[in-house]
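First up is the structure itself, then whatever we jot down about it.
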Amino acid sequence: MGRIDITAGGASHGTGRGVTAEEMRRHNLAVVLEQLHLEGPISRSELTVMTGLNRSTVADLIAELVTLGLVEEGPGLSTPGPGRPSPVVQPRPEGAVTLAVELAVDSIAVATVGLGGHVYSRLRVARPRGRFSPQETVYDVAKLAGPLLGSLPGYAFAGVGVGVVGITRRSDGFVHLAPNLGWHNVPLAEMLRDELNHEGLVLVANDADLGAIAELRRGVRPGVQNLIYISGEVGIGTGIIADGKPVLGSAGYAGEAGHMLINPNGRRCRCGSVGCWETEAGEAALLRHAGTPDSGAGLEGVNAIAERAAAGDSTTLQALAEIGHWLGTGIGNLVNILNPEIVVLGGMYHRLFPFLEDAIHEAVLTRALDAPAKMVTVTRSALNSDAALIGASELVFSRIVTDPARASRPILEA
Ligand SMILES: [Zn+2]
């Protein structure tokens, strides 16, 4: 389940040379920390069984993680039978706190998340239309994040993870293009580092790719090896996990399914092309079919539609059936190409899922080939609309797991 492979002792990295004792120790440290981060409290003896390491090695690794402030040990629960209960090890959320940020078109969300996935605070605010410039955005993020971080003085700050509705370069947090924000070539990580006055880790990725990571690690069916995460907003974001690994392409631009052709006779898209998936199944299409002027767009517009649908308004229900049809048609195409076990819907599709579900399923069965269509489950996220936010925190935690000493900088008092 997105885990580091646990290889037998003495295995080489395929370079022809042996693994040094230090490399093996760091690898094992990562295995143990990842286990605790994802699974929560576990007894020392269970940890020994799960990792396949011997007892004294596990004890040493735990001692090191305790010294780093990342885990703590408590008394074990008594069990029937001989011997003392095995001590229970658990992650210390305050030992590594991340600031997670999601930059959508309609909203900005921030959260403070501790090791083990403990969410301290989370805040999502509607973004006023027109307040899109990169400088205004990082200013708003800093303003929202300040009080959240300030309420955790002395906790160890591990870094910032950011999901953005755009095409990003992971190596340096550079956003090449975010058509629905009107961004071109924005050095987002650098700008956030300046605005937050933070010299450490700032990692940036596409929001849907992060949603997929969150689903892989903490989602509806954790550990599923082939999944597609689809988030609806102004655009459609798609994150793909194949054989347990994110599909990013050669530079991280893969998975832009929102811009696959779905209707050759369709409308012009913001990307410059015609008939893209998001022009038929995105927010603007929904509002258009529902007869709501585009000025009512955003979180409020979607909430209003959900309310009218719940009240049984027939125009609204028809609009949702139309969106569900196009959404399901696109999903059917992806099912044919990728043969996923599960397709998870987030964002506005999460909110509206009860009204979209039937039309989606019908379209998937019509569009996709019989065998992959029968295998796939199409459902909504268990993480509400926060999958990208949770994925942003996981991006940082994945670095902490491989380099635990990194999470040592205390948060300053507000
Ligand atoms: Zn497009």
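Counting starts at 1 for both ligands and their atoms, following the listed order. Heavy-atom basis, side chains included; hydrogens, waters and symmetry copies ignored. Remember, it's a predicted structure, so these values are computed and weren't measured experimentally.
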Using a strict cut-off of less than 4.0 Å between a Lys/Arg side-chain nitrogen and an Asp/Glu carboxylate oxygen, indicate whether Arg127 and Glu136 qualify as a salt bridge. no
Could you go through residues 350-359 and list every donor-acceptor pair under 3.5 Å that involves a side-chain atom there, pairing it with any protein atom two or more places apart or in another chain?
{"unit_1": "His350", "atom_1": "NE2", "unit_2": "Ser381", "atom_2": "O", "d": "3.2"}
{"unit_1": "Arg351", "atom_1": "NH1", "unit_2": "Asn303", "atom_2": "OD1", "d": "2.2"}

Ionic contact status for Glu190 with Arg193, cut-off 4.0 Å: no
Would Thr238 and Glu256 satisfy side chain to side chain contact (heavy atoms under 4.5 Å, CB included), going step by step from the backbone distance to the final call? CA-CA 6 Å; Thr238 315; Glu256 287 296 327; over 6 Å; no
Is the closest side-chain donor-acceptor distance between Thr377 and Arg221 under 3.5 Å? yes
Is Arg218 paired with Glu394 through a side-chain N to carboxylate O contact shorter than 4.0 Å? yes
Taken by chain and residue number, the protein N/O/S atoms under 2.8 Å from the Zn ion (ligand 1) read His259 ND1, Cys269 SG, Cys271 SG, Cys276 SG
